[in-house]
Amino acid sequence: MRFSLFLHMERWDDSVSPEQSFENLTELTLMAEAGGFSTVWIGEHHSMEYTVSPSPMPQLAYLAARTSKIRLGAGTIIAPFWNPLRAAGEAALLDVISGGRAEIGIARGAYQFEFDRLAGGMPAADGGQHLREIVPAVRKLWEGDYAHDGEVWKFPTSTSVPKPVQQHPPIWVAARSPESHDFAVANGCNVMVTPLMKGDEEVEDLMSKYETAIAAHPEIERRPDIMVLRHTYVHTPEDAEGWKVGAAGINRFYRTFDAWFGNKTTPVNGFLEPSPEEKFAGRPEFELESLHRTAMIGTPEEVIERLRHYEQLGVTEFSFWSDNSLSHDEKKRSLQLFIEHVVPAFAE
């Protein structure tokens, strides 16, 4: 099982400038590359200061020049916000800039807030058709001339310019339902999943959906990879209460996620206060003790034990999700502990 880093520029107030936030992101990426991580992933979000990423492509292009080995993942671009020609060309350009290190994740989208502003108010749940249409179109455009006549997009003969260095940069599909797993496998895509605030039983269920999809498609030539993305925080064994720092940071992140996802409050200059603690009375998944069990929080040995289980389930990539509202120094300490003590336990 390999490891990757999933991160964004995080701003929770004006105390950290956008410039400093990007320097922090770059430093964590360089640490991950030096620590043997396979990939750095940056997603796409709009008008949200707590996940600053209007496009992962320019960030990854910059990181391509600062790194030499780590692969560069757009994870994920939101299909309804992209034309296939633009997606194919920008992904291929990233592949050229990076010398063939691009990985492309595609999702249907989730925040209605974004759809209200970028897709004319289209229901976010309707993004699946865009996802199903853009994946094969991008592949065809990478191969050469292609005309498209679909339900969402129509365009005459076109091609990706430039062409990617890799014949087909790996495409990953964000999946949760059995149908999305089946689509990914049937179309030769890798699978990325997140159990969010659910426990490892959710990982087991997602892996079952993935295995069911593979069994339904014996015609596929290559078994796709599957990545589990999970909030991760590592503390030293000497600090028995250290887990509380990570759990509190992740609690704040999820309460902010809830505020944005609810789409009931108008943000101010891209900032939105977390939903108040009292809203989650009777919601044990938000409690610190619950997050200690569900998020990947613990000492190196505790984290290794859980990751061994993931490895046995067939997970091929675990992505260390660093968005957690904590300070840059706290993130660095956690990532360094993971690099020093967890990664070597899985070295071949």
Side-chain angles (χ1 to χ4, degrees), residues 2 4 6 38-45 53 56-57 60 71-84 86-88 90-92 94-95 102-111 114-115 124-142 148 150-153 164 166-196 202-203 205-217 219-230 313-319 321:
R2 59 182 180 269
S4 59
F6 201 105
S38 66
T39 310
V40 56
W41 294 95
I42 302 175
E44 175 186 2
H45 292 293
S53 189
M57 299 303 186
L60 294 168
R71 296 185 64 79
L72 304 158
T76 57
I77 64 173
I78 303 173
F81 304 160
W82 291 70
N83 179 285
R86 179 186 167 209
E90 290 200 25
L94 173 64
D95 205 46
E103 305 263 336
I104 308 301
I106 304 179
R108 72 175 193 179
Y111 290 102
E114 295 178 310
F115 280 76
D126 291 350
Q129 178 58 37
H130 295 69
L131 170 64
R132 291 187 292 272
E133 201 168 305
I134 201 171
V135 168
V138 164
R139 279 227 180 88
K140 291 291 187 181
L141 288 164
W142 282 338
H148 186 78
E151 294 183 24
V152 179
W153 296 286
Q166 304 172 89
Q167 183 178 11
H168 287 115
I171 293 180
W172 298 70
V173 169
R176 177 164 295 278
S177 68
E179 293 77 15
S180 55
H181 281 264
D182 190 80
F183 170 82
V185 171
N187 284 270
C189 299
N190 296 325
V191 178
M192 53 200 326
V193 299
T194 175
L196 295 174
E202 177 71 0
V203 177
D205 181 64
L206 290 165
M207 290 299 299
S208 176
K209 292 173 182 175
Y210 160 80
E211 294 289 355
T212 297
I214 291 174
H217 292 282
E219 76 279 4
I220 61 172
E221 297 179 358
R222 183 191 69 85
R223 182 181 176 89
D225 287 340
I226 181 165
M227 177 184 82
V228 172
L229 168 65
R230 178 142 247 180
L313 289 172
V315 174
T316 51
E317 179 173 327
F318 177 80
S319 198
W321 191 1

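Values below: every heavy atom of this structure, side chains too, minus hydrogens, waters and symmetry copies. Note that the numbering runs from 1 along the sequence shown for the chain.
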> At their closest point, which heavy atom of Val191 faces which heavy atom of Ala184, and how far apart are they?
Replying inline: CG2-CB, 3.8 Å

> Which pair of non-hydrogen atoms, one from Phe115 and one from Ala110, has the smallest distance, and what is that distance?
Replying inline: CE1-N, 4.1 Å

>> For a 4.5 angstrom cut-off between non-hydrogen side-chain atoms, does Tyr210 reach Val193?
In response: no

> Taking the inter-plane angle between the rings of Phe6 and Trp41 on a 0 to 90° scale, is it parallel (under 30°), tilted (30 to 60°) or perpendicular (over 60°)?
Replying inline: parallel

Check: residues 76-83 side-chain donor-acceptor pairs under 3.5 Å, at least two apart:
from, atom 1, to, atom 2, distance (Å)
Trp82, NE1, Glu44, OE1, 2.8
Trp82, NE1, Glu44, OE2, 3.4
Asn83, OD1, Leu85, N, 2.8

> Between the main-chain N or O of Ile171 and the side-chain N or O of Arg139, is there a donor-acceptor pair closer than 3.5 Å?
Replying inline: no

> Looking only at heavy atoms, what is the nearest atom pair of Ile104 and Ala91, with distance?
Replying inline: CD1-CB, 3.5 Å

> To the nearest 0.5 Å, what is the distance between CZ (Arg223) and OG1 (Thr316)?
Replying inline: 8.5 Å

> By ring pair (Phe, Tyr, Trp, His ring centres under 6.0 Å), which residues pair with His181, not counting sequence neighbours?
Replying inline: none

>> Can you confirm whether Pro84 sits close enough to Leu141 that some side-chain heavy atom of one is under 4.5 Å from a side-chain heavy atom of the other?
In response: yes

>> I need the minimum non-hydrogen distance between Trp142 and Ala88, along with the two atoms involved.
In response: NE1-O, 3.1 Å

>> Closer than 3.5 angstrom, by distance alone: can the side chain of Arg108 be matched with the main-chain N or O of Ala175 as a donor-acceptor pair?
In response: no

> Is there a side-chain contact between Met192 and Asp225, using heavy atoms and a 4.5 Å cut-off?
Replying inline: no

> Of the non-hydrogen atoms in Ala87 and Ile134, which two are nearest, and what is the gap between them?
Replying inline: CB-CD1, 4.1 Å

> Looking at SG of Cys189 and CD1 of Ile106, how far apart are the two atoms once the value is rounded to the nearest 0.5 Å?
Replying inline: 7.0 Å

> Can you list the steps and then say if Arg222 with Asn190 is a side-chain contact (heavy atoms from CB on, under 4.5 Å)?
Replying inline: CA-CA 10 Å; Arg222 183 191 69 85; Asn190 296 325; 2.8 Å; yes

>> Return the CG to CG distance between Leu131 and Asp126, rounded to the nearest 0.5 Å.
In response: 13.0 Å

> Would you call Val203 and Arg230 a side-chain contact if the rule is heavy atoms closer than 4.5 Å?
Replying inline: yes

> Roughly how far, to the nearest 0.5 Å, is CD of Glu211 from CD1 of Ile226?
Replying inline: 8.0 Å

>> Checking Trp172 against Glu317: is there a side-chain donor and acceptor pair closer than 3.5 Å?
In response: no

>> For a quick test of reading the model, state the closest non-hydrogen atom pair linking Gly150 to Glu133 and the distance between them.
In response: CA-OE2, 3.4 Å

> Are any side-chain N or O atoms of Asn187 and backbone N or O atoms of Phe183, one a donor and one an acceptor, separated by less than 3.5 Å?
Replying inline: yes

> Should the ring pair His148 and Trp153 be called parallel, tilted or perpendicular, given that the plane angle runs from 0 to 90° and is split at 30 and 60?
Replying inline: tilted

> Hey, is the main chain of Leu196 close enough, under 3.5 Å, to the side chain of Thr194 for a donor-acceptor pair?
Replying inline: yes

>> Counting only heavy atoms not in Glu219 (residues, nucleotides, ligands), do more than 12 fall under 6.0 Å from its CD?
In response: yes

> Looking at Lys209 and Glu179, does any basic side-chain N land under 4.0 Å from a carboxylate oxygen?
Replying inline: no

> Mind checking whether Leu72 and Val40 have side chains closer than 4.5 Å, heavy atoms only?
Replying inline: yes

>> Any side-chain to backbone donor/acceptor pair from Asp95 onto Gln166? Under 3.5 Å, distance only.
In response: yes

> Rounded to the nearest 0.5 Å, how far apart are OG of Ser38 and CD of Glu103?
Replying inline: 7.5 Å

